[in-house]
Amino acid sequence: MSFEPKILGIACNWCTYTGADLAGTTRLQYPQNLRVVRVMCSSRINPSFIFKAFQLGADGVLVGGCHPGDCHYNTGNLYARRRLAVTKKILEFSGMEPGRFRVEWISASEGNKFAEVVREFTEEIRNLGPQTKFKIS
Amino acid sequence: MLKKTTVQKLSDLAAGLMEKGALIAPVREEAGHNFREISDPAAVDLDFYNTLLSPKSVFFPHTEDFIRYKTGASIAEAVCVEPDIRPTVLFGVRPCDVKSFEIMDIHFTGTGKVDPYWAKRREAATIFGYAFDPNTPADPADFYSTLGIGAADPEGSDVFMIRKDQDLLLQAVSPKGEKLLSELPSLSDASADDQKYFDGTVAAGRTFKTRFTCVEAEPIAKKFEDLFHNAAFWEKVSEACLSCGACTFVCPTCYCFDICDETLFSQGTRRRVWDSCMFTDFTLEASGHNPRTKVYQRLRQKISHKYSYHIRKYGPISCVGCGRCTRNCPVNIDIFSIVNEAMKA
Amino acid sequence: MATSFKQIEENLKTEAGKLLDAGKVSMVLAYGRGYDEKHPLPYVARSLADVDGMVFNEYCTANLARYLVRYPRGTKIGIAAKAADSRAVIQLIQEDKVKRDDLVILGIPVYGMKNAKTDEAIDAKTTCGLYNPVIYDVLLGEEVHGQPVLSPYEVLEKVEAMGQDERFAFWKKELDRCIRCYACRKACPMCYCDPCFIDQNKPKWGEKSPETGGNLMYHLTRFHHLAGRCIDCGECSRACPVDIPLYLFHKKVAKECEEMFGQAAGMSIDEKPALINFRVEDSDKILE
Ligand code: SF4
Ligand code: SF4
Ligand code: SF4
Ligand code: SF4
Ligand code: FES
């Protein structure tokens with residue numbers, strides 16, 4: 001059986017989630033491997049969500065937020081950027097493949113970018129293979 | 001009949017014991033020696049003062065699975081986990097730790113309610129006690145003589161071992177030990193001299209002194225009862241305490257646990273996991289009320305439990321003076337000093 | 001020439017005595033006699049009479065800043081602070097856990113501190129390696145100069161050089177040994193949360209049993225919570241009964257934070273902690 005990655009998407013309500021919606025309504029094709037959880041803002045993401053997702057078997061985690069400067073709450077994603085950068089370094093230093101975690105800024109009008117990012121990320125995770133390091137059985 | 005072998009031939013003895021069942025013995029690890037199940041007989045190492053963690057986990061593991069269940073399924077579908085009980089040889093236990101088993105027996109088997117996990121493991125185990133060397137000073141944290149335990153007390157062991165330079169003398173203490181010893185071909189018979197040495201060491205162990213203070217069960221129980229409401233005393237002695245769980249987890253006579261349901265997706269296990277009265281949430285009630293919010297209340301619980309409540313309920317002091325809590329406390333809190341101060345207070 | 005421990009102890013007693021006598025503070029956090037020389041104990045002096053119980057020697061490693069949050073806000077406290085400890089004090093001020101005005105910092109320049117368990121010198125390998133306190137009101141000895149200033153991050157080389165799989169195996173082996181006694185978080189001056197995330201059960205972030213899953217969750221999250229806040233005192237690792245080298249991870253996170261955000265934790269009371277701050281000019285490069 002070929003490997004179908006399980007990818008957790010965490011998208012902010014105002015930009016990326018709306019962008020994902022747009023990708024859907026304009027019938028853009030992108031892989032079905034992403035399951036999206038909507039949060040109000042990228043700064044609402046507790047880094048433990050990401051660790052937990054990997055423990056529960058996610059092969060990759062994709063975080064989406066508004067472009068810096070465009071956050072609905074003005075500065076949420078500016079904090080989130082710093083925090084998630086640390087998350088990335090921690091994952092990397094723990095031995096997790098760095099490619100399994102990605103942060104992208106995708107606006108409400110960027111349905112195309114959303115589809116493109118999901119395609120590319122899914123491909124990358126597919127190449128990395130199943131995530132086994134954090135997974136608890 | 002006293003038997004003997006040499007330290008060089010320890011691995012032969014270990015290999016012989018492994019034929020009788022699981023062998024759990026001290027091995028050298030990063031932070032110190034610990035009791036582990038042996039797969040390589042050469043790993044058994046008797047060059048240690050005392051193990052970092054107590055041997056209680058052999059009978060009372062940090063995590064013990066009780067029940068496996070599926071969420072949403074009926075109770076009838078839940079299954080009991082059969083504990084993995086095998087004949088076991090627990091090798092190289094210091095006299096104070098051997099004594100701790102007797103105290104723990106009270107809770108797990110002696111109160112009328114028998115804990116089958118503890119009881120069966122105890123039953124399946126043959127204990128090889130191992131004397132401290134009464135010719136070298138005790139670790140400054142130890143105070144087992146205060147609790148009336150000798151450095152070379154054979155009581156409670158099935159076989160008792162004393163090191164005589166490069167020789168290891170082994171004396172059967174119980175019929176179980178007697179039988180096992182007779183089945184070990186790597187042992188030879190000891191000489192009359194060896195017997196003299198053995199008996200001499202046991203006797204020397206009884207007069208050997210670790211840190212010592214005169215503590216008697218009844219008066220100390222009373223003392224701590226009287227001190228219960230003396231917040232000033234407890235605040236003072238607990239001022240440095242971090243309220244972590246290091247002291248209770250390394251302690252051979254701490255037995256608090258929590259029952260946890262650990263569920264992953266729809267599969268779950270109900271298990272027993274060590275807990276500590278020093279943890280903030282140990283006494284947290286479902287209502288949100290916590291009767292012990294202060295560090296001093298928790299330290300008071302820990303010490304009064306051992307030196308007062310336990311005496312009142314079951315008789316003996318629930319401490320064997322092994323010094324582990326003191327050695328492992330990140331801020332050097334010392335239960336012996338606190339008991340001493342209590343007596344003066 | 002570094003001031004002798006005996007002299008520092010004398011100065012500590014004198015200064016603490018002055019503060020208590022003048023009523024400038026209601027308590028002085030320092031070190032007192034433990035069960036032997038090698039095991040001094042964090043100690044609180046509340047009156048002139050208590051001052052005599054103070055000691056200072058090479059084994060006074062505990063970071064007393066850890067106790068600051070325990071007392072009601074507004075309590076006037078004198079605190080003996082070694083180099084790294086003073087950074088913890090600064091960090092707590094940054095986080096508004098204590099007020100600068102409520103503190104009298106008795107700075108202690110340190111040279112030759114030792115780990116009581118191993119008798120090894122405590123230096124840049126396991127701590128920030130500073131000799132002199134960053135902030136103080138009174139200095140209890142001469143500043144230490146002319147000693148080699150080592151990078152606190154040099155010790156990381158070996159782990160950094162590992163491949164991902166090897167590094168994962170390394171951490172798994174280390175963290176699997178954890179017995180979840182929580183001495184690390186309790187000894188840490190920056191871990192003051194009540195309740196700590198790992199004690200919550202709704203949601204439950206990690207299991208209580210000391211096994212891979214819960215251990216990894218506890219430690220990775222804790223490393224994260226300490227990001228930009230850990231001042232590299234090394235207390236967590238010294239507190240650990242099973243000697244897990246937590247400092248390696250904390251140092252790595254601190255190093256990355258320094259590189260990304262251009263500031264080290266606990267160096268100035270005028271800064272904000274890096275992770276509750278941002279600059280408009282922060283770049284997306286940090287996410288790469
Ligand atoms: S006595 Fe020491 S080991 Fe025990 S809870 Fe207090 S600080 Fe931790
Ligand atoms: S994480 Fe460790 S080194 Fe960092 S401040 Fe806390 S105790 Fe000190
Ligand atoms: S680990 Fe995190 S939640 Fe727990 S005490 Fe430390 S900073 Fe707080
Ligand atoms: S002090 Fe060590 S053993 Fe205890 S919880 Fe921390 S890492 Fe684990
Ligand atoms: S609302 Fe989109 S990142 Fe804050």
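Just so it is clear: chains get the letters A, B, ... in the order the sequence lines come, proteins before strands, and each one is counted from 1.
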Fill in: Atom of B:P83, atom of B:E64 and distance for their closest heavy-atom approach
CB-OE2, 4.3 Å
Response to the item:
Bottom line for B:D261: the part with an atom under 4.5 Å from chain C's heavy atoms is backbone
Item to complete: Name the region of C:D36, side chain, backbone, both or neither, that has any atom closer than 4.5 Å to a heavy atom of chain B.
Response: side chain
Fill in: Per-residue contact mode, C:Y67 against chain B (heavy atom under 4.5 angstrom)
side chain
Discussion item. Once rounded to the nearest 0.5 Å, what's the spacing between atom CZ of B:F59 and atom CE of B:M104?
Written reply: 10.0 Å
Worksheet, complete the sentence: Applying a strict 4.5 Å limit to non-hydrogen atoms, the region of B:F279 in contact with chain C is side chain
Item to complete: Please look at C:P241 and chain B and tell me whether the side chain, the backbone, both or neither of the residue comes under 4.5 angstrom of a heavy atom of that chain.
Response: both
Worksheet item: Side chain, backbone, both or neither: which part of B:C247 has a heavy atom under 4.5 Å from chain C?
Response: neither
Worksheet entry | Proximity breakdown for B:T263 and chain C, heavy-atom pairs closer than 4.5 Å | backbone
Discussion item. Using 30° and 60° as the class boundaries, would you call the ring planes of B:F249 and B:H62 parallel, tilted or perpendicular?
Written reply: perpendicular
Worksheet, complete the sentence: Scored by heavy-atom pairs under 4.5 Å with chain C, the best of B:D275, B:T248, B:L53, B:V250 is B:D275
Worksheet item: Relative to each other, are the rings of C:F197 and C:Y218 parallel, tilted or perpendicular (30° and 60° limits)?
Response: parallel
Worksheet item: Of the backbone (N, CA, C, O) and the side chain (C-beta and beyond), which part of B:R272 lies under 4.5 Å from a heavy atom of chain C, both, or neither?
Response: neither
Discussion item. Please classify the contact of B:L264 with chain C as side chain, backbone, both or neither, using a heavy-atom distance under 4.5 Å.
Written reply: neither
Worksheet item: Under 4.0 Å between a Lys/Arg side-chain N and an Asp/Glu carboxylate O for B:D97 and B:R94?
Response: no
Discussion item. Please evaluate residues C:S209 and B:R271 with respect to the criterion side-chain hydrogen bond (donor to acceptor under 3.5 Å, both in side chains), reporting the C-alpha separation (whole Å), side-chain torsions for both, the decisive distance (0.1 Å), and the verdict.
Written reply: CA-CA 9 Å; C:S209 45; B:R271 40 189 7 193; 3.1 Å; yes
Worksheet entry | Contacting region of C:K117 [heavy-atom separation from chain B under 4.5 Å] | neither
Discussion item. Shorter than 4.5 Å, heavy atoms on both sides: which option in C:R180, C:R238, C:R46, C:R177 has the most such pairs with chain B?
Written reply: C:R177
Worksheet entry | Among the listed options B:D334, B:L284, B:I333, B:T280, the residue most often paired with chain C at heavy-atom distances under 4.5 Å | B:D334
Item to complete: Would you mind checking which part of B:S276 comes under 4.5 Å of any heavy atom in chain C, side chain (CB onward), backbone (N, CA, C, O), both or neither?
Response: neither
Worksheet item: Is any side-chain N of the basic residue among B:K209 and B:D142 closer than 4.0 Å to the acidic one's carboxylate O?
Response: no
Worksheet, complete the sentence: Greatest number of non-hydrogen atom pairs under 4.5 angstrom with chain C, of B:L242, B:D258, B:L52, falls to B:L242
Discussion item. Tell me if the centroids of the rings in C:Y31 and C:Y59 come within less than 6.0 Å of each other.
Written reply: no
Worksheet item: With under 30° as parallel and over 60° as perpendicular, where do the rings of B:F60 and B:F108 fit, or are they tilted in between?
Response: tilted
Fill in: Contact origin within C:N201 toward chain B - heavy atom pairs under 4.5 Å
neither
Practice prompt. Tell me, for B:N34 versus chain C, whether the close heavy atoms (under 4.5 Å) come from the side chain, the backbone, both or neither.
Written response: neither
Worksheet entry | Electrostatic pair C:D176:C:K173 at N-O distance under 4.0 angstrom | no
